[in-house]
Amino acid sequence: GLIGISKSTQISGMIKKYDMDILSLNETNLNNSVSSDTLNIPANYTFLRKDRGTSSRGGCGLLISNKVAYDDKVKIPNGSSNIESLWIKIKSSNYYICGFYRSSGFCKLDDFLDYFTECMNKLKGKKVIWIGDINVDQNKITDRDYRKLDSALKSFNMVQTIQSYTRVAKRGNKFTQSTID
């Protein structure tokens, strides 16, 4: 989540180090009782967010440099209430960016892929970037969820750009590796 000072310090450091214009944040764990003004967001950035209702779990956000001219009034289908996504259009180009978070316990993959397909059909001919956490392990190529995601991406000539492990965890005496983010 974003409430702790250590996380906001880490984010500020990453923004400076990599000179980021846009950063997608997942599992922000914010709700309507937390004001964005209390989150220690760098002064030259705007923070757009979508919280998960009154829960303090899930949620997503986009940190956008004030150097970037964008429109956040993009007419994109809302999807179901379980779709956590934010859309912007970069004003100087034909790029649309979606920051999203899909929790497997909150949003069924089929629902997310229906939303993805609806959005991509609406934006046909546009350049679209999806940045987020889909919670499908890209290393399990025989898994049904992986095959569904891969098929949906390929139908729009898109690819998953994360090719290495994003999560390493110790479970008992063994380490597990996955690319679910």
Side-chain angles (χ1 to χ4, degrees), residues 1-4 7-8 10-12 14-15 18-124 126-136 149 152-153 156 158 160-162 166 180-181:
L2 289 181
I3 296 175
K7 185 63 76 175
S8 60
Q10 186 180 27
I11 289 168
S12 293
M14 193 167 45
I15 286 171
Y18 297 106
D19 192 28
M20 294 181 175
D21 290 325
I22 299 172
L23 177 64
S24 177
L25 302 170
N26 306 301
E27 296 183 74
T28 54
N29 297 342
L30 301 173
N31 62 38
N32 57 8
S33 71
V34 179
S35 168
S36 293
D37 297 336
T38 66
L39 297 176
N40 198 26
I41 302 299
N44 53 340
Y45 281 78
T46 300
F47 181 49
L48 304 179
R49 64 191 246 196
K50 181 167 184 183
D51 302 338
R52 188 182 289 178
T54 56
S55 170
S56 62
R57 306 291 310 153
C60 62
L62 290 172
L63 269 176
I64 306 166
S65 168
N66 292 344
K67 300 181 294 186
V68 177
Y70 68 93
D71 180 4
D72 64 350
K73 306 291 186 253
V74 180
K75 303 240 186 296
I76 300 294
N78 290 332
S80 75
S81 61
N82 291 3
I83 303 293
E84 295 174 306
S85 65
L86 292 163
W87 284 91
I88 62 171
K89 180 188 182 296
I90 305 301
K91 287 186 175 181
S92 63
S93 69
N94 204 22
Y95 280 94
Y96 289 79
I97 298 174
C98 177
F100 71 92
Y101 173 62
R102 187 199 76 89
S103 165
S104 56
F106 187 68
C107 177
K108 294 177 185 170
L109 181 61
D110 289 338
D111 292 342
F112 183 83
L113 293 177
D114 288 347
Y115 173 71
F116 170 82
T117 300
E118 184 179 4
C119 293
M120 292 304 294
N121 284 330
K122 181 171 177 63
L123 295 169
K124 200 170 238 71
K126 311 281 193 247
K127 296 172 184 163
V128 182
I129 299 171
W130 292 76
I131 311 169
D133 184 349
I134 195 151
N135 283 303
V136 172
L149 174 61
L153 291 172
F156 294 100
M158 297 182 85
Q160 165 64 271
T161 58
I162 303 298
T166 58
I180 63 170
D181 302 322

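All values derive from a computational prediction rather than experimental measurement. Side chains are part of it too, since the values below use all heavy atoms of this structure and drop only hydrogens, waters and symmetry mates.
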Side chain to side chain, [X] and [Y], heavy atoms closer than 4.5 Å:
X	Y	answer
V136	R102	yes
L30	F47	yes
D21	I64	no
D51	N29	no

Exercise for review: Flag yes if more than 12 heavy atoms outside Y95 fall under 6.0 Å of its OH atom; otherwise flag no.
Suggested key: no
Review point. Counting only heavy atoms not in K67, do more than 12 fall under 6.0 Å of its NZ?
Key: yes
When you measure from the side chain of [X] to the backbone of [Y], do you find a donor-acceptor pair of N or O atoms at a distance under 3.5 Å?
X	Y	answer
N121	T117	yes
E84	C60	no
K50	I83	yes
S24	I131	yes

Review point. With a 3.5 Å cut-off and no angle check, do the side chains of R49 and S36 form a donor-acceptor pair?
Key: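 Judged by distance alone, the side chains do pair up.
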Check your understanding: Is there a donor-acceptor contact under 3.5 Å linking the side chains of T46 and N66?
Key -> yes
Check your understanding: Is it true that the NZ or CZ of R57 lies under 6.0 Å from the centre of F106's six-membered ring and within 45 degrees of the ring axis?
Key ->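 Checked: cation-pi criterion not met.
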Review point. With a distance cut-off below 6.0 Å to the six-membered ring centre and an angular limit of 45° from the axis, does K89 pair with Y96 as a cation-pi contact?
Key: yes
Give the minimum heavy-atom separation between [X] and [Y], together with the two atoms involved.
X	Y	value
N40	S12	O-OG, 4.2 Å
L23	M20	CD1-SD, 3.7 Å
N82	C107	O-CB, 3.3 Å
Y70	K91	O-CE, 3.3 Å
Q160	L153	N-CD1, 4.1 Å

Exercise for review: Drop me the distance from L123's CG to C98's SG, to the nearest 0.5 angstrom.
Suggested key: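 The SG atom of C98 is 9.5 Å from CG of L123, to the nearest 0.5 Å.
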**Study point:** From CD1 (I41) to CD1 (I15), nearest 0.5 Å
**Key:** 7.5 Å
Review point. So, do F100 and F112 have ring centers that fall under 6.0 Å from each other?
Key: yes
Review point. Between W130, Y101, Y115, which is the residue that forms a side-chain hydrogen bond (donor to acceptor under 3.5 Å, both in side chains) with S85?
Key: Y115
